[in-house]
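Before any comments, here is the structure.
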Amino acid sequence: MGKLEENAVSKFVDSRYNCCQAVICACCEEYGVKELDAFKMTEGFGAGMGGLGDTCGAATGLFLALGLANSAGDMEKPKETKMDTYKKIRGAAESFKEKHGSLYCRDIPKEKGSQPLPSCIKCVSDAAKIAEKMLEEMKADQ
């Protein structure tokens, strides 16, 4: 298990962050983002966007991490890296869907068990694993 994956799973299981918070907050330190800010901004993104069963929060955290790492951060030229970031997110989405069958929380098979659900732990783990791999590849390309 990689460092980012281990950190995300610990935040989800031990600290009871929601799935999105766990993934993005595991990336904060490396990218200079205050964890408290990320935690607060993503509070409503768990359980498929506020419990709606839409896009899995763990996948959303993955997408946020990729944007954070890939964006040029130039507010005067917002399109500079946008299409490349979209491409990376589409690739990450495909990897996540290969493992879970869907991006939608309501469609991801749930495993019975105590909270947090084993299936949700797996989503957090896989999202963090995908993020870790893609972030390492992005660093190598720079």
Side-chain angles (χ1 to χ4, degrees), residues 1-75 78-142:
M1 187 180 287
K3 182 180 175 189
L4 192 152
E5 180 186 2
E6 187 175 322
N7 191 3
V9 170
S10 175
K11 288 178 184 305
F12 186 68
V13 174
D14 301 328
S15 299
R16 305 300 284 210
Y17 287 24
N18 73 31
C19 45
C20 184
Q21 289 169 322
V23 176
I24 190 60
C25 287
C27 300
C28 285
E29 184 178 342
E30 182 164 348
Y31 292 98
V33 173
K34 290 182 183 177
E35 185 172 337
L36 177 61
D37 291 341
F39 181 87
K40 289 166 67 174
M41 284 189 287
T42 58
E43 182 171 85
F45 290 3
M49 302 293 114
L52 294 171
D54 289 331
T55 304
C56 170
T60 303
L62 162 61
F63 303 156
L64 289 166
L66 294 176
L68 183 61
N70 198 62
S71 176
D74 188 339
M75 294 168 59
K79 293 182 178 181
E80 188 173 339
T81 51
K82 189 181 294 186
M83 291 302 113
D84 186 51
T85 300
Y86 286 5
K87 181 180 175 183
K88 286 174 173 40
I89 287 174
R90 285 191 304 271
E94 284 305 313
S95 294
F96 189 87
K97 285 194 295 189
E98 284 175 14
K99 294 178 179 296
H100 297 281
S102 180
L103 282 176
Y104 298 106
C105 184
R106 68 178 153 267
D107 297 332
I108 296 171
K110 303 292 186 275
E111 297 173 33
K112 293 187 187 302
S114 60
Q115 289 290 333
L117 291 175
S119 50
C120 294
I121 296 168
K122 182 86 168 106
C123 286
V124 168
S125 175
D126 288 338
K129 195 180 306 181
I130 293 165
E132 196 159 34
K133 180 179 185 284
M134 292 184 77
L135 295 171
E136 286 174 8
E137 289 170 358
M138 289 164 59
K139 283 180 189 173
D141 290 343
Q142 291 177 349

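Remark: side-chain polar atoms of Q21 are paired, donor with acceptor, to backbone N or O of F39 under 3.5 angstrom. At least one donor-acceptor pair under 3.5 Å links the side chain of S119 to the backbone N or O of E111. Put simply, the side chain of T81 gets close to the backbone of A72: a donor and an acceptor are under 3.5 Å apart. A donor-acceptor pair is defined here as one N or O able to donate and one able to accept, closer than 3.5 Å; such a pair exists between the side chain of E132 and the backbone of K3. Between the side chain of S15 and the main chain of Y17, no donor-acceptor pair closer than 3.5 Å is present.
With rounding to the nearest 0.5 angstrom, the CG atom of L68 is 7.5 Å from the SG atom of C28. Considering CD of E5 and OG of S10, their distance stands at 12.0 Å, rounded to 0.5 Å. Taking CD1 of I121 as the reference point, atom CG of D126 lies at 12.0 Å (rounded to 0.5 Å). To the nearest 0.5 Å, atoms NZ (K82) and CG (N70) are separated by 13.0 Å. Note that NE2 of H100 is 10.5 Å distant from OG of S95, once rounded to the nearest 0.5 Å. From K34, atom NZ reaches atom SG of C25 across 14.0 Å, with rounding to the nearest 0.5 Å.
In plain terms, the two heavy atoms of L62 and A92 that are nearest each other are CD2-CB, 3.8 Å. What you find for K88 and M134 is that their closest heavy atoms are O-CE, 3.3 Å. Listed here is the closest heavy atom pair of C105 and G48: CB-CA, 3.8 Å. Across all their heavy atoms, T85 and G67 have their closest contact at CG2-CA, 3.8 Å. Nearest heavy atom pair, residue C19 against residue F12, reads N-CE1, 3.6 Å.
For the pair C20 and L64, the minimum side-chain heavy-atom distance is below 4.5 Å. Counting heavy atoms from C-beta outward, F96 and I108 have side chains that approach closer than 4.5 Å. Under the 4.5 Å side-chain criterion, counting only non-hydrogen atoms from C-beta, L135 is in contact with M138. Counting heavy atoms from C-beta on, the side chains of R16 and Q115 come closer than 4.5 Å.
For the side chain to side chain donor-acceptor pair (under 3.5 Å) test, residues two or more places apart in sequence or in another chain that qualify with E94 are K97. Residues meeting the side-chain contact (heavy atoms from CB on, under 4.5 Å) test with A8, sequence neighbours left out: A26, V124, A128. Legend: residues meeting salt bridge (Lys or Arg N to Asp or Glu O under 4.0 Å) with D37, ordered by chain and number and at least two apart, are absent.
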Let me see the working for K122 and K99 under side chain to side chain contact (heavy atoms under 4.5 Å, CB included), right down to the final yes or no. CA-CA 10 Å; K122 182 86 168 106; K99 294 178 179 296; 5.6 Å; no
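More than 12 heavy atoms of other residues, nucleotides or ligands sit less than 6.0 Å from atom NZ of K110. Crowding of Y86 atom OH: a count of heavy atoms from other residues, nucleotides or ligands under 6.0 Å not exceeding 12.
When I24, V23, T60 are each tested for a side chain to side chain contact (heavy atoms under 4.5 Å, CB included) with T42, only one passes: I24.
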